[in-house]
Protein chains: 2
Amino acid sequence: MRTRGEVMQSKILAVLKHADSALSAYDILEALRDEFPKIAPPTVYRGLAALTEKGSVHRVESLNSFVACTNHNHDHASIMSICDDCGSVEENEAPKIFDDLSGLLGKTGFDAHRHVIEVHGVCAACGDQDNAS
Amino acid sequence: MRTRGEVMQSKILAVLKHADSALSAYDILEALRDEFPKIAPPTVYRGLAALTEKGSVHRVESLNSFVACTNHNHDHASIMSICDDCGSVEENEAPKIFDDLSGLLGKTGFDAHRHVIEVHGVCAACGDQDNAS
DNA sequence: ACGCTTGCGTTATGTTATAACGAAATATAC
DNA sequence: GTATATTTCGTTATAACATAACGCAAGCGT
């Protein structure tokens with residue numbers, strides 16, 4: 001039982017890859033409605049869960065939405081920088097910060113499993129635009 | 001018009017302070033239902049918005065819920081360590097990590113406004129318990 | 001006192017997410 | 001190769017989280 005859900009997963013991933021911002025599960029649902037008129041939320045959420053597990057999609061917790069992973073190495077945690085102006089989400093790597101964090105919390109006896117680092121602000125493009133005006 | 005909403009805000013804050021984990025807005029709603037039988041979601045959300053603005057409450061993005069600030073200085077961003085076992089949420093300060101983050105993103109032209117750092121894992125108490133068993 | 005401004009409570013609804021179940025597809029036993 | 005077990009999927013329904021909009025009431029200025 002290998003390939004049944006994978007069709008839907010690749011469709012979902014394709015939708016996310018073509019988007020230029022994070023999409024909610026219901027945005028994805030809408031996007032797939034043309035091709036799958038009877039698609040329902042659990043189908044999308046199941047696909048997203050599988051993709052997230054693999055690391056090819058990340059959930060953006062502070063937006064309740066999802067982005068395609070833009071790294072070649074999917075086996076990593078990321079820092080998400082989220083432009084509150086244009087909605088773009090960039091993925092940044094910074095292993096050192098994750099290590100610092102785990103170390104810091106380790107001192108208090110906390111065993112870190114999953115890091116959520118999301119930074120809201122204004123991206124370079126939007127910042128330039130503001131300066132120009 | 002000074003004191004009308006503040007009563008509700010202090011009630012909400014009291015509920016959060018007595019909780020030993022993060023509460024959703026609807027948990028708070030339930031807790032206040034005894035005293036205010038007709039209370040509705042917007043009342044709670046408005047109170048939470050005001051308290052969050054002041055810094056006396058923090059939203060935990062990855063849990064869609066809220067905790068009372070445990071720091072004396074409310075004017076700061078925090079690192080939340082969230083125990084997936086018992087649900088406890090600890091607030092940790094680490095200005096250096098925020099600086100590192102802002103610096104790192106600044107290099108890409110990103111202007112950081114708000115940091116969300118939430119670490120899921122297992123707290124000291126729950127870790128000890130697991131070892132003991 | 002009268003009207004102006006502000007923000008609150010309420011109703012209604014929008015958005016995000018999942019439980020539960022039956023049907024279909026694949027695998028396993030014999 | 002058929003019967004049975006197992007997994008996964010679509011579907012229905014509903015739960016959980018959040019806010020728009022409006023009217024009323026409280027405080028304020030005159």
Side-chain angles (χ1 to χ4, degrees), chain A residues 1-13 15-16 19 21-54 57-67 80 82 84 87 89 114 116 118 120, chain B residues 1-13 15-16 19 21-54 57-67 80 82 84 87 89 114 116 118 120:
Chain A
M1 201 165 277
R2 243 336 2 139
T3 57
R4 271 216 287 163
E6 293 179 0
V7 174
M8 193 53 74
Q9 286 176 37
S10 66
K11 297 282 184 188
I12 291 171
L13 189 54
V15 169
L16 283 173
S21 60
L23 299 182
S24 76
Y26 282 74
D27 292 336
I28 296 167
L29 188 84
E30 280 310 305
L32 295 175
R33 180 94 65 191
D34 282 348
E35 193 170 358
F36 306 93
K38 306 196 77 173
I39 193 170
T43 302
V44 176
Y45 279 101
R46 276 197 277 248
L48 286 169
L51 291 164
T52 301
E53 191 104 8
K54 289 182 202 166
V57 164
H58 301 296
R59 180 181 163 81
V60 184
E61 298 289 349
S62 56
L63 297 177
N64 289 339
S65 59
F66 302 84
V67 293
M80 297 292 174
I82 300 155
D84 292 327
V89 177
R114 172 178 159 243
V116 175
E118 300 176 2
H120 286 253
Chain B
M1 201 167 269
R2 241 342 351 148
T3 56
R4 272 216 289 162
E6 294 181 357
V7 174
M8 193 54 76
Q9 286 176 37
S10 66
K11 297 282 185 187
I12 291 172
L13 189 54
V15 169
L16 283 173
S21 62
L23 298 182
S24 76
Y26 281 73
D27 292 336
I28 296 167
L29 189 83
E30 280 309 306
L32 295 176
R33 181 96 63 194
D34 281 348
E35 193 170 358
F36 306 92
K38 306 195 77 175
I39 194 169
T43 301
V44 177
Y45 279 103
R46 276 198 277 248
L48 286 169
L51 290 165
T52 301
E53 191 103 7
K54 289 182 203 167
V57 164
H58 302 295
R59 180 181 163 82
V60 184
E61 298 290 347
S62 56
L63 298 176
N64 289 341
S65 58
F66 302 84
V67 291
M80 296 293 174
I82 300 154
D84 292 328
V89 177
R114 173 178 159 239
V116 175
E118 300 176 1
H120 286 253

*Taking atom P of D:dG10 as reference, at what distance in whole Å does atom CD1 of A:Ile39 sit?*
8 Å

*Atom CG of A:Leu63 to atom P of D:dC17: distance rounded to whole Å?*
18 Å

*Measure from the side-chain N and O atoms of B:Glu118 to the backbone N and O of B:Val60, and report whether any donor-acceptor pair falls under 3.5 Å.*
no

*Could you give the CZ-to-P distance, from B:Phe36 to C:dT10, as a whole number of Å?*
11 Å

*Which atom names give the shortest non-hydrogen contact between A:Leu16 and A:Phe66, and what distance separates them?*
CD2-O, 3.4 Å

*Whole angstrom value for the distance that separates P of D:dA18 from CG of B:Leu29*: 13 Å

*Work out which heavy atom in B:His120 is nearest to a heavy atom in B:Ser62; give both atom names and the distance.*
NE2-OG, 2.8 Å

*Residue closer to the 5' end of DNA chain C, B:Asn64 versus B:Ala40 (nearest nucleotide)*: B:Ala40

*Which nucleotide, D:dT11, C:dA17, D:dT19, lies nearest any side-chain atom of B:Tyr45?*
D:dT19

*Please give, in whole Å, the distance from D:dA21 P to B:Arg46 CZ?*
13 Å

*Please check the phosphate of D:dA18 (OP1 and OP2 only) for any side-chain N or O of B:Arg59 closer than 4.0 Å.*
yes

*asked:* Ignoring hydrogens, what is the shortest heavy-atom contact between A:Gly87 and A:Ser21? Give both atom names and the distance.
replied: O-CB, 3.2 Å

*Is there a donor N/O on one and an acceptor N/O on the other, under 3.5 Å, for the side chain of B:Tyr26 and the base of D:dA18?*
yes

*Looking at side-chain heavy atoms only, is the closest gap between B:Arg46 and B:Met8 below 4.5 Å?*
no

*Between C1' of C:dA17 and CG of A:Leu23, the distance in whole Å*: 17 Å

_Can you measure A:Met8 atom CE to D:dT8 atom P for me and round it to whole angstrom units?_
16 Å

*Please check the phosphate of C:dC8 (OP1 and OP2 only) for any side-chain N or O of B:Thr43 closer than 4.0 Å.*
no

*Nearest whole angstrom, please: distance from the P of C:dG9 to the CZ of B:Arg33.*
14 Å

*Pairwise 5' ranking along DNA chain D for B:Phe66 and A:Lys38, keeping only the more 5' one*: A:Lys38

*asked:* What contact category does A:Ser24 fall into here, base, sugar-phosphate, or nothing, at under 4.0 angstrom with non-hydrogen atoms?
replied: sugar-phosphate

